[in-house]
Amino acid sequence: MSQNEVEVIIILGPHRSGTSLFAKFVSCYGYEFTENLIPKNKYNQKGYFEDKDIIDFNEKLLKSVNFTWNKNQFIDNKLQNSKIITDVNLDLAKKLIRNKLFQNNKIILKDPRFSILINFWKKVFSEIQVRTKYICLLRNPIEVSLSMLRRDTTSITYGLCLWSIYILEIIKNCNYNNFLFISLNTFQNNPEKTKEILNKYLSKKLEKDEFEKYLSDFYSKDLFSTRLNENILENEILINKEFRNIYQSLLSLVDDYNEDNLFKVKQKLDEVRNNLDLNKNFELLDWEYEKILSDNKTNDGKYNEKIKQFEIEKSKSLRIIQNADKSIKEESRILTTQQKRIERDHEELKNKLTEFEDYKS
């Protein structure tokens with residue numbers, strides 16, 4: 001296939017931002033998901049649309065710098081350059097993407113980890129020279145934090161911390177020509193406006209039949225158990241000015257996306273990021289991250305015990321199957337031997353009857 005035929009859409013945004021809902025919407029433009037998707041669960045009953053191979057690779061990259069997707073820090077630039085953006089990792093990533101493009105030449109890739117590893121992946125896509133477009137979904141950070149609280153039992157403050165890390169990493173590394181910011185609130189309240197924006201950005205029109213199927217079989221406002229009035233952001237008890245500035249600055253890009261405005265927002269949010277770093281705001285939440293790690297180890301231990309028990313049961317089942325297979329083969333051998341004996345006896349009797357007939361005649 002020619003490079004012009006190949007196109008990759010990257011869906012960006014923090015966890016619990018509605019990216020699954022939006023990724024499915026983007027598929028109505030003729031893009032395909034890859035084949036090795038993680039299964040849906042009680043936290044996302046419609047599906048995540050995230051490729052397990054991509055997730056595993058991103059996890060490996062984060063682990064190489066002692067990071068996890070929910071760590072309350074920015075990844076240090078020196079660590080990224082020395083441990084993540086290496087020739088070996090780049091070659092592995094390029095091979096992975098080429099394998100995904102072998103299945104379909106117009107694909108959607110979605111994993112929230114792309115947001116904090118975007119510097120690495122931009123280099124990957126640049127080197128394989130395929131047309132790549134990034135779409136970042138913006139959801140009210142309080143809604144994101146409440147959703148994380150329900151799923152992961154993290155505090156509102158911790159959720160806001162993670163949300164800002166992901167968002168600030170995106171804005172730091174975005175380019176005007178192939179980035180787009182979409183408000184989840186706008187998408188939910190005015191899908192026609194979102195369609196017009198995407199028609200222009202993707203240079204194609206929505207496939208009507210696919211969109212109608214999306215609305216009837218997939219989309220529902222009930223998918224979001226918490227929808228807050230945007231005015232909640234003005235409540236300084238719930239959200240401090242830094243988080244509010246981040247969200248409102250990015251919403252301005254949704255309403256007026258042009259190169260000058262993007263430059264201004266990047267400058268403003270770079271200052272916010274530096275302030276957060278200098279004031280060590282996120283370090284105040286180290287205790288919560290340590291608790292998350294501890295809880296994960298406990299859960300991983302329980303999970304590993306279940307896996308161990310499963311392997312024991314699987315081994316037992318395999319032995320039963322193997323023994324049954326041996327018994328079947330032995331029975332088959334006996335039946336085959338008996339059949340041959342019967343056929344031989346039948347042939348002997350037939351010969352004797354022929355001899356007898358000859359004798360009579």
Side-chain angles (χ1 to χ4, degrees), residues 1-2 5-6 8 20 23-24 27 30-60 63 88-89 91-111 128 130 207 209-210 213-214 216-218 296-361:
M1 73 183 71
S2 69
E5 295 175 331
V6 178
V8 181
S20 301
K24 184 65 175 174
S27 72
Y31 298 93
E32 301 285 343
F33 293 108
T34 51
E35 296 178 357
N36 192 25
L37 301 182
I38 62 173
K40 59 187 177 182
N41 59 27
K42 65 180 181 179
Y43 299 112
N44 197 330
Q45 298 179 11
K46 296 287 187 176
Y48 288 90
F49 307 109
E50 295 173 12
D51 189 295
K52 186 178 185 302
D53 301 325
I54 296 289
I55 292 174
D56 290 345
F57 187 82
N58 282 336
E59 282 288 310
K60 180 182 175 183
K63 189 175 181 180
V88 172
N89 286 337
D91 287 342
L92 288 172
K94 287 186 280 188
K95 182 179 179 181
L96 177 59
I97 296 301
R98 288 191 179 106
N99 286 338
K100 299 302 173 183
L101 287 169
F102 183 77
Q103 300 166 5
N104 294 293
N105 62 354
K106 292 186 183 340
I107 61 174
I108 300 171
L109 294 178
K110 171 191 169 286
D111 175 15
I128 60 177
V130 298
E207 295 180 2
D209 291 343
E210 289 297 318
K213 186 178 178 182
Y214 169 77
S216 62
D217 299 346
F218 189 87
N296 285 344
K297 286 179 181 178
T298 300
N299 292 332
D300 288 345
K302 292 177 181 177
Y303 174 76
N304 290 333
E305 186 59 35
K306 287 182 179 179
I307 292 295
K308 183 179 178 182
Q309 189 60 38
F310 170 76
E311 293 295 337
I312 292 172
E313 294 298 326
K314 186 175 78 171
S315 297
K316 288 180 181 178
S317 298
L318 284 174
R319 284 197 297 272
I320 292 171
I321 292 171
Q322 288 168 352
N323 290 335
D325 188 51
K326 287 180 181 178
S327 298
I328 291 171
K329 287 180 179 178
E330 180 62 21
E331 289 293 329
S332 178
R333 186 189 66 78
I334 293 171
L335 288 173
T336 300
T337 302
Q338 289 176 344
Q339 182 180 3
K340 288 180 179 179
R341 185 182 301 118
I342 291 170
E343 290 174 351
R344 189 170 60 250
D345 291 344
H346 176 74
E347 190 64 30
E348 289 178 358
L349 179 59
K350 182 180 176 181
N351 290 336
K352 286 181 180 180
L353 285 172
T354 301
E355 290 175 1
F356 179 71
E357 290 296 329
D358 290 343
Y359 174 77
K360 282 177 61 180
S361 61

Distance check, rounded to the nearest 0.5 Å: [X] atom [atom1] versus [Y] atom [atom2]?
X: Lys110; Y: Ser27; atom1: NZ; atom2: OG; answer: 12.5 Å
X: Asp217; Y: Glu210; atom1: CG; atom2: CD; answer: 10.0 Å
X: Leu96; Y: Lys100; atom1: CG; atom2: NZ; answer: 6.0 Å
X: Glu50; Y: Phe33; atom1: CD; atom2: CZ; answer: 10.0 Å
X: Lys340; Y: Thr337; atom1: NZ; atom2: OG1; answer: 6.5 Å
X: Leu37; Y: Ile55; atom1: CG; atom2: CD1; answer: 9.0 Å

**Request:** Decide yes or no on salt bridge (Lys or Arg N to Asp or Glu O under 4.0 Å) for Arg333 and Glu330, but give the supporting numbers first.
**Result:** CA-CA 5 Å; Arg333 186 189 66 78; Glu330 180 62 21; 2.6 Å; yes

**Prompt:** Hey, mind stepping through Ile107 and Val6 against side chain to side chain contact (heavy atoms under 4.5 Å, CB included) and telling me if it holds?
**Reply:** CA-CA 8 Å; Ile107 61 174; Val6 178; over 6 Å; no

**Request:** Would you tell me whether Asp111 and Tyr48 have side-chain atoms, one donor and one acceptor, within less than 3.5 Å of each other?
**Result:**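 Side-chain D/A pair, Asp111 to Tyr48: absent.
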
**Message:** Quick one, Ile97 with Leu109, criterion side chain to side chain contact (heavy atoms under 4.5 Å, CB included). Give me CA distance, side-chain angles, the key distance, then yes/no.
**Reply:** CA-CA 10 Å; Ile97 296 301; Leu109 294 178; 3.7 Å; yes

**Prompt:** Which heavy atom in Ser20 sits nearest to a heavy atom in Gly47, and how many Å separate them?
**Reply:**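 That would be CB-O, 3.4 Å.
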
**Nearest heavy atoms of Gly30 and Lys106, plus distance in Å** =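 Closest heavy-atom pair between Gly30 and Lys106: O-CB, 4.4 Å.
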
**Item:** Cationic N near anionic O, under 4.0 Å, Asp56 to Lys52
**Value:**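 Salt bridge present between Asp56 and Lys52.
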
**Message:** Tell me if the aromatic rings of Phe49 and Phe218 count as close, with their centers under 6.0 Å from one another.
**Reply:**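 Yes, close enough.
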
**Item:** Check: Asn99 and Lys95 side chains under 4.5 Å, non-hydrogen atoms
**Value:**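 With C-beta onward as the side chain, the pair touches.
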
